[in-house]
2 protein chains.
Amino acid sequence: MMSKATQLLTPIKVQDSMEANKPDTATRILDVAERLFVEHGFEATSLRMITQQAEVNLAAVNYHFGSKDALFESVFMRRIGPFVAACLAELDTLEQSGQTLTAEQLVVSFIRPCLALSKDPARGGALFVRLMSRTLVENHRLLREALNQQYSIFVQRYTSAFQRALPQFGAEDIAWRMHFAFSVMFNAFAGNDVLKIFVRSQVVTARDPDMIVKHLVPFVVAGLTAPI
Amino acid sequence: MMSKATQLLTPIKVQDSMEANKPDTATRILDVAERLFVEHGFEATSLRMITQQAEVNLAAVNYHFGSKDALFESVFMRRIGPFVAACLAELDTLEQSGQTLTAEQLVVSFIRPCLALSKDPARGGALFVRLMSRTLVENHRLLREALNQQYSIFVQRYTSAFQRALPQFGAEDIAWRMHFAFSVMFNAFAGNDVLKIFVRSQVVTARDPDMIVKHLVPFVVAGLTAPI
DNA sequence: GTAAGTTTCAAACGCTTGTTCTAAAGTCAT
DNA sequence: ATGACTTTAGAACAAGCGTTTGAAACTTAC
């Protein structure tokens with residue numbers, strides 16, 4: 001297997017324009033695995049399902065990624081870095097303006113990257129948010145180990161930003177409200193409509209991202225800023 | 001296998017007080033399966049894990065329930081009926097008072113049964129709410145088929161109640177806000193803290209149900225009633 | 001053209017899965 | 001105690017799982 005450093009130095013291969021403009025093996029595996037992990041979950045997705053749909057050999061997964069666990073980690077890591085970076089960039093821009101930030105601005109700084117993600121199929125579209133919500137509820141090894149401290153800066157930055165935006169609340173109140181706020185935002189973009197447990201289809205099944213935002217922002221901001 | 005009708009007519013068996021006051025085979029399977037389905041998910045829970053922990057024979061699951069799928073359905077159905085009934089009973093009590101209901105009253109009418117569930121180990125404690133959130137994100141066959149229309153009364157009752165409590169909003173706005181409200185309430189009781197993706201432990205890990213409610217109600221009510 | 005390195009491929013490995021089968025054990029009314 | 005019925009028990013089943021192997025095919029550099 002090519003090392004990671006070697007990969008970066010390798011010149012980009014020009015594809016035969018005739019038959020295959022499809023991406024290379026590893027990328028095809030990542031794309032298919034991402035979709036199937038979201039649709040069926042980690043355990044219910046077999047390597048044979050992945051390799052068949054990606055049109056690669058069964059052994060290719062273990063060759064390129066080492067194991068099914070490592071494949072999941074690669075799928076997740078491919079997206080989370082750019083996503084967190086996008087959120088932090090939004091925060092940077094806001095804070096550089098010097099003005100006192102509102103809760104709404106902070107909410108939007110998180111929602112905007114979600115929205116961009118939802119509209120960009122090249123970055124997996126809305127799949128990654130759904131993958132995160134699945135990964136969360138499936139309580140993956142990945143979350144308890146590798147990932148845990150690596151992106152803690154995300155929560156730290158938002159926590160201190162919200163503490164400055166909502167100085168009337170104590171640290172514990174802020175933590176609770178952030179928990180609720182991010183919970184509803186994540187699930188909104190992931191399309192987890194709890195009420196669909198009880199009825200066949202809700203209005204949310206349309207899932208126009210702009211529509212989500214339009215209704216989501218007032219709800220979350222009101223919840224965050226409500227007097228105790 | 002005993003038919004369902006026969007089961008209801010069978011007199012309750014007096015247990016030997018000496019060694020086994022543990023419940024009968026089917027109940028023990030249901031209890032263990034409920035816990036393991038919540039902990040590991042449906043696919044990652046094997047019948048052998050269940051039967052070993054329940055201290056019953058492997059074949060007992062297929063004998064009493066027919067299949068693993070049917071076992072899951074039984075686990076779910078055992079809880080959902082009483083839960084929905086509790087919510088509707090709260091609604092009945094409120095509406096019989098004749099007064100105009102507030103959004104907060106409606107929120108509490110849902111939260112109170114969640115709270116009662118969380119505090120009653122005999123009814124699975126907080127497990128059932130977690131099971132629902134897992135079932136939702138795992139997109140189970142059960143939800144797409146059997147369950148779907150059976151408890152639609154739940155959503156109907158809350159929808160019309162919220163429409164009366166918040167007459168300033170249109171039907172679509174109500175639907176969106178209910179989607180958000182129930183999303184955050186479910187995830188709060190299920191303990192799904194999205195931010196724990198990024199940091200090791202949040203304040204929520206304590207999970208004192210009364211603490212959840214104290215912070216949850218103001219957030220949800222503010223979100224529901226916020227001007228558009 | 002040769003050799004070294006990289007990637008693909010088919011086949012097989014040992015293991016676990018849900019389910020089934022048949023016999024044994026237990027329960028209960030007559 | 002007999003016979004009908006219900007429940008438990010251990011063993012086995014075919015099928016699917018993640019992973020490994022070794023050779024073939026391809027690519028790249030000299």
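Please read all numbers here as calculations on a predicted model, not as lab measurements. In what follows, every chain begins at residue 1, and chains take the letters A, B, ... in the order their sequences are listed.
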Original post:
Under 4.0 angstrom, heavy atoms only, what part of the nucleic acid is A/A60 near: base, sugar-phosphate, or nothing?
Top reply: nothing

**OP:** Please name the residue in the list B/T45, B/L127, B/T135 that meets the side-chain contact (heavy atoms from CB on, under 4.5 Å) test with B/F37.
**Re:** B/T45

**OP:** Grab the NE2-C1' distance between A/H40 and D/dC17 for me, whole Å please.
**Re:** 16 Å

Subject >> Gap between atoms CG and P, on A/L71 and D/dT19 respectively (whole Å) >> reply: 10 Å

Original post:
For A/I29 and C/dT7, what is the distance between atoms CD1 and P respectively, to the nearest whole Å?
Top reply: 12 Å

Original post:
Hey, does B/T51 reach any base, or is it just sugar-phosphate, or nothing, if we go heavy atoms under 4.0 Å?
Top reply: nothing

Original post:
Distance check: side-chain N/O of B/S46 vs OP1/OP2 of C/dT16, anything under 4.0 Å?
Top reply: no

Subject >> Closest listed nucleotide, where the reference is the side chain of B/R48 and the choices are D/dG10, D/dA12, C/dC9 >> reply: D/dA12

Original post:
Nearest-Å distance, CD (B/Q52) to P (D/dG10)?
Top reply: 12 Å

Original post:
Side chain of B/H64: nearest nucleotide among C/dT19, D/dT7, D/dT21?
Top reply: D/dT7

Original post:
A/K68 NZ to D/dC17 C1': how many Å, rounded?
Top reply: 8 Å

**OP:** Just compare D/dG10, C/dC9, C/dT19 and give me whichever is closest to any side-chain atom of A/N57.
**Re:** C/dC9

**OP:** Taking only Lys NZ, Arg NE, NH1 and NH2, and the carboxylate oxygens of Asp or Glu, determine whether A/D208 and A/K214 approach each other closer than 4.0 Å.
**Re:** no

Subject >> A/M49 CE to D/dG18 P, straight-line distance once rounded to whole Å >> reply: 10 Å

Original post:
Just how far, in rounded Å, is P of D/dT6 from CG of B/D24?
Top reply: 16 Å

Original post:
Which of the following nucleotides, C/dA10, D/dT7, C/dG18, is nearest to the side chain of B/Y63?
Top reply: D/dT7

Subject >> Smallest separation among heavy atoms of B/S67 and B/V61, with atom names >> reply: O-CG1, 4.4 Å

Original post:
Which of the following nucleotides, C/dC21, C/dT8, C/dG18, is nearest to the side chain of A/T25?
Top reply: C/dT8

Subject >> Heavy-atom closest pair, residues B/A70 and B/F65 >> reply: CB-O, 3.1 Å

Original post:
Do you know which two heavy atoms are closest between B/I50 and B/L71, and how far apart they sit?
Top reply: CD1-CD2, 3.9 Å

Original post:
Quick one: which of D/dA9, C/dC9, D/dG18 gets closest to the side chain of A/L47?
Top reply: D/dG18

Original post:
With respect to the side chain of B/L58, which nucleotide from D/dC17, C/dT17, D/dA12 is positioned closest?
Top reply: D/dA12

Original post:
B/N62 has an atom CG; how far is it from atom P of D/dA12, in whole Å?
Top reply: 18 Å

